[in-house]
Protein chains: 2
Amino acid sequence: MIKPTETELEILNILWQEGPSSVRIVNEKMNEQKEVGYTTTLKLMQLMTQKGLVKRDESKRTHIYNAAVKAKDLQQTMVSKLMNAVFSGSAGQLALSALGNGKASKQELDEIKALIEQLENDAK
Amino acid sequence: MIKPTETELEILNILWQEGPSSVRIVNEKMNEQKEVGYTTTLKLMQLMTQKGLVKRDESKRTHIYNAAVKAKDLQQTMVSKLMNAVFSGSAGQLALSALGNGKASKQELDEIKALIEQLENDAK
DNA sequence: TTGCATCTACGAATTTATTCGTATATAATC
DNA sequence: GATTATATACGAATAAATTCGTAGATGCAA
């Protein structure tokens with residue numbers, strides 16, 4: 001899986017959230033966080049198209065872009081990268097750090113418990 | 001907390017693992033994964049010193065470097081960054097992805113269960 | 001149909017990260 | 001003490017990521 005840069009990731013997030021969008025839309029969203037010129041965003045999205053991170057519909061004058069990678073897939077890739085980079089490959093340590101850190105909903109916590117049960121059963 | 005680049009992170013990992021080390025030692029470890037010139041590693045570590053990522057003892061001719069940031073702290077920072085960058089801020093989703101992905105020891109799984117219990121109790 | 005707005009393409013400047021050569025100093029070895 | 005090995009410092013080349021200006025095409029409104 002191709003690794004997006006920091007900025008490319010922001011764009012992917014916007015596309016995942018908003019669905020198929022024009023450069024203008026994406027640029028507006030980007031500007032909610034930080035000022036970025038229109039052509040900057042355009043160029044980025046063109047490069048992302050080349051890299052295969054997004055695909056676009058060129059049938060209209062205003063091209064419509066959409067993410068070409070699934071959020072789930074990229075999450076997996078990046079988690080595993082972080083796991084190796086700073087947790088010596090330990091999934092458990094990473095999970096602990098995440099839970100200790102931010103917030104998780106009751107439902108997510110239950111899911112995690114269920115997953116753990118399953119992992120422990122598989123291990124037997 | 002200052003964010004290390006990819007390569008800087010590798011150096012930090014070596015320092016965390018090996019403890020205070022000379023450039024030569026670090027460079028040798030680096031070369032186990034990928035060929036890197038000595039002065040490249042030296043320069044990186046000099047820059048990291050400026051940035052405050054490492055500190056060094058210059059009392060001897062061969063300077064001895066050590067990590068100036070704690071592994072735990074950087075883990076927290078990076079987990080929280082990843083959480084926001086690709087998990088819409090959800091700790092639970094991140095934890096799920098980590099556990100579903102790599103491997104965690106029985107002991108870690110138990111720790112996580114304990115942590116979850118605690119979180120759920122606190123919520124009451 | 002003229003002119004203003006909006007779009008893409010693309011070259012290129014800028015910034016940031018990585019890599020390494022060379023100069024010079026100090027220590028160790030013969 | 002001359003030679004060789006090993007250090008640091010630092011300038012600068014290269015590579016990668018980000019930013020933006022300008023040109024030219026198309027649509028839209030007066």
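A, B, ... follow the sequence lines: proteins, then strands. Residue 1 opens every chain. Below, all heavy atoms of this structure are taken into account, side chains as well, without hydrogens, waters or symmetry copies.
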Interatomic distance, Lys3(B) NZ vs dA17(D) C1' [rounded to whole Å]: 12 Å
Of the listed nucleotides dA12(D), dA9(D), dT19(D), the one nearest the side chain of Thr40(A): dT19(D)
With Val79(A), the side chain to side chain contact (heavy atoms under 4.5 Å, CB included) member among Leu94(B), Val86(B), Val79(B): Leu94(B)
Spacing of Leu42(B) atom CG relative to dT6(D) atom C1', expressed in whole Å: 12 Å
Heavy-atom neighbours of Lys51(A) NZ exceed 12 at 6.0 Å: yes
Under 3.5 Å: donor-acceptor pair, side chain of Ser21(B), backbone of Gly19(B): yes
Distance test, side-chain N/O of Arg56(B) to OP1/OP2 of dA9(D), below 4.0 Å: yes
Worked check of side-chain hydrogen bond (donor to acceptor under 3.5 Å, both in side chains) between Ser90(A) and Glu108(B): CA-CA 9 Å; Ser90(A) 162; Glu108(B) 283 169 343; 2.8 Å; yes
Those residues that, when tested against Lys55(B), pass side chain to side chain donor-acceptor pair (under 3.5 Å) (two or more places apart): none
Touch class at under 4.0 angstrom, heavy-atom based, for Thr5(B) against every strand present: sugar-phosphate
Five-pair end axes of the helix from dT1(C)-dA30(D) to dC30(C)-dG1(D) and the angle they enclose, rounded to 10°: 10°
All pairs passing side-chain hydrogen bond (donor to acceptor under 3.5 Å, both in side chains) where residues 32-48 of chain B contributes a residue, at least two apart: Asn27(B)-Thr41(B)
salt_bridge(Lys113(B), Glu120(A)) N-O dist < 4.0 Å: yes
Candidate pair Leu47(A) and Leu53(A), rule side chain to side chain contact (heavy atoms under 4.5 Å, CB included), full reasoning: CA-CA 9 Å; Leu47(A) 291 174; Leu53(A) 286 170; over 6 Å; no
Whole-Å gap separating C1' (dT8(D)) and CG (Leu47(B)): 14 Å
Nearest-Å distance for atom pair CE/C1', residues Met45(A) and dT18(D): 16 Å
Sugar-phosphate, base or nothing in reach of Gln46(B), heavy atoms under 4.0 Å: base
From Met45(A) atom CE to Tyr65(A) atom OH, the distance as rounded to the nearest 0.5 Å: 6.0 Å
Touch class at under 4.0 angstrom, heavy-atom based, for Thr62(A) against every strand present: sugar-phosphate
Rounded distance in Å - CD (Glu58(B)) to P (dT8(D)): 10 Å
Single-linkage hydrophobic cluster, 4.5 Å side-chain cutoff, Trp16(A) and Ile14(A) together: yes
Closest contact, heavy atoms only, Gly100(B) versus Leu115(A): N-CD2, 4.0 Å
For atom OH of Tyr38(B) and atom P of dA9(D), their distance in whole Å: 10 Å
What does the list of N/O pairs under 3.5 Å between the protein and nucleotides 28-30 of chain D look like, with a distance for each?
none

Bounds of contact between DNA chain C and chain A, in 5' to 3' order, using a heavy-atom cut-off under 4.0 Å: dT6(C) to dA12(C)
Toward the 5' end of DNA chain D, by each residue's nearest nucleotide, Lys43(A) or Thr39(B): Thr39(B)
Separation of Ser22(A) OG from Glu28(A) CD (nearest 0.5 Å): 7.5 Å
Contacting residues from residues 8-37 of chain B, given that a heavy atom lies under 4.0 angstrom of DNA chain C: Lys34(B), Gly37(B)
His63(B) side chain, from C-beta outward: closest of dT18(D), dT8(D), dA12(D): dT8(D)
Val69(B) backbone acceptor or donor facing Asp73(B) side chain under 3.5 Å: no
Leu15(B) reachable from Ile64(B) in the ILVMFWY side-chain graph, under 4.5 Å edges: no
Rounded interatomic separation in angstrom, taking CG from Leu44(B) and P from dT8(D): 14 Å
